[in-house]
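Below you'll find the structure, written out as structure tokens, and then a few comments.
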Amino acid sequence: MRWSKLFIPTLRETPAEAEVASHQLLLRAGYVRQLSAGLYNYLYLAQRSILKITAIVREEMDAIGAQEMYLPGLNPAEVWQESGRWDVMGANMFRLKDRWQRDYCLGMTHEEIMTYIARGELRSYKQLPQIWYQIQTKFRDEPRPKSGLLRVRQFIMKDSYTFDMDAAGLDAAYDKHYAAYCRIFDRCGLKYTAVEAHSGAMGGSQSHEFMVASDAGEDFIVIGEQSKYAANLEKAESNPAQPAADPDGALAPEEFHTPGQKSIEQVSAFDGMPPTSHIKSLVLVAETKPVLALLRGDHQLSETKMTGLLGVSEYRPAHPAEIEQWMGAEAGSLGPVGVKNMRIVADLALKGRRNMIAGANKTGYHLRNVTPGEDFQAEFHDIRQVAEGDTHTTTGEPLKIVKAMEIGHIFKLGYKYSESMGLRVLDEHGKEVTPIMGSYGIGIERILCSAIELFHDADGIVMPPSIAPFNVVVTPVNTKDANLIAAAESLYNQAKAAGLDPLLDDRNERPGVKFIDADLIGIPFRITCGKKLAEGQVELYIRKTKEKMDVPVAEAVAKVKALIEAA
RNA sequence: CGGGGCGUAGCGCAGCCUGGUAGCGCACCUGCCUUGGGCGCAGGGGGUCGCGUGUUCGAAUCACGCCGCCCCGACCA
């Protein structure tokens, strides 16, 4: 490709609306342009990168025996109503009607459609297992699209779905995907971590997320540095940091006045005891029923663990009027002592503690010497979010919390869709069984974004060669010099013949402009034809390290090829 | 959905407070010049000031309403 003929609209200045590095650079480097909130035009460079990414994904999916399909993005409501997700998806689903006023939606994911295909055709155990996948556009009406291509309303996803006779078959399919995902992300040049994840609204038993550590991410993951422990914060478990020592003895609860002191910090500062000596009391409402959640003062409630425990899809904090009615006091003076009218759930970190401080259920008063299990009864469960400084439950090593973005997710779905949608096959005894399913996604644009987030510098993108729109640029420094042009053309043709993906910067620009643009868009290698051509030398430049070396013209392409293969 | 910010040329911004017929830098076009890290000189094109209503002799500027985009939070298979 000749740069002079291409549409690569680079910008000298950073567009004001872009906050995160990948968004800024995708715009500045001329990869994308925004159409509307969460909708982007992928220009030539983005499209080239995406094609390289999807080619890698296809190769690795095909390598585990997965079969690619292409499914409608426009779905009839009925299929989604069968699984129950027509209602569950709520406002996140784009919905529309056809000319006959029939309901449709734009597909957010394709479990329903894949299961629909399967139940229509799969009859016998002899046809299983199956791995089906698609690389297609998905639509989600995100409440808040943001961060460039990181959270958008239309995006490309590789989704695969597996059908197996039994759990052992699903385990095998899951393991194959896990391994394939590692190969895909390795080949894309990413640094990533596979973490244990919460299965979320998808249901199912086991789940891993593939995460790239980045401040641009929206998730938090918990990592143990020595061991291999890595989990999503939603799901992570830990031993809490050591609390302050409790006063000894079988002391009776004793009321004291705490006027205007509401938060744990305030009460703690007021009574001189550390937050770890306090009990945090939260009144929640799950399907109209109140629940009292108790945590150590320095801990945060884990919504995921709590919803899992309560067996509901969501709960809400009680309104002030409800709190007053149920507890007889304002939030800020709440506690478990004497509470009889609701379920009480206490975090495990409170088990075995003595003589703590809690609200008195009398506005402006707290109790000291409150002992869990003696002064009040509660169910003890892990309902707490892991905090920085916690330690691993078995190795005891310190845990770190890291911000990260999700690029892939694998699930053991179980029977959720095969059951609800009536997928049955006959086993070898002629008995009807429900196949077990798995679902496995990769966000294609997120691979591009995370590569940029991971690999960029002040001059622009440092794209991994495997997914760069071009992997080498041949740059004659002066387009008026026929010898330079001829040499550059020849190198460009050699590079093409060698199977590289070269770009010829034949623009009539000053060298500085060409260098800066090539650095910005992230071409990993550059062959510069300049003044040393007379001595038979060209310059080889490595974007990542900014290293430059003179090499004989005849060896330049072979050298670049070797560098790309080594990358 | 709650909180905040912004909307003036392709991009980045000034002008708005104190109303008087729109400006700067970059980009773009033409010519000359230059050619190893965003050259220089000269000339030039491009704007319903997000939309609507109102106030006023007069609105980018003041008031009200709406729309759009961004950020924080909530939400997020």
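Each chain gets a letter, A, B and so on, in the order its sequence line appears, and its residues count up from 1. Only a predicted model underlies this, so the values are computations on that prediction, with no experimental measurement involved.
- Applying the ring-ring contact (aromatic ring centres under 6.0 Å, His included) test to A/His23 and every residue at least two apart in sequence or in another chain returns A/Tyr40.
- Residue A/Glu547 contributes atom CD, which lies 18 Å from atom C1' of B/rG36 at whole-angstrom precision.
- Looking at residues 477-486 of chain A, you'll see A/Val477, A/Asn478, A/Lys480 sit with a heavy atom under 4.0 Å from some atom of RNA chain B.
- Heavy atoms of A/Lys546 sit nowhere under 4.0 angstrom from any nucleic acid atom.
- As judged by a 4.0 angstrom heavy-atom cut-off over every strand, A/Met93 is placed among residues making no nucleic acid contact.
- Proximity of A/Arg144 to the phosphate of B/rC72: a side-chain N or O atom is located under 4.0 Å from OP1 or OP2.
- We find that CG of A/Leu520 is positioned 18 Å from P of B/rG37, with the value rounded to whole Å.
- Contact annotation: A/Gln34 does not reach the phosphate of B/rG68 (side-chain N/O to OP1 or OP2, under 4.0 Å).
- For A/Asp519 and B/rG38, the CG to P distance is 12 Å, given to the nearest whole Å.
- Nucleic acid contact class of A/Tyr541 (heavy atoms, under 4.0 Å, all strands): base.
- Qualifying side-chain contact (heavy atoms from CB on, under 4.5 Å) partners for A/Glu555, counting only residues two or more places apart in sequence or in other chains: A/Pro552.
- For the pair A/Arg12 and B/rC11, the criterion of a side-chain N or O lying under 4.0 Å from OP1 or OP2 is not met.
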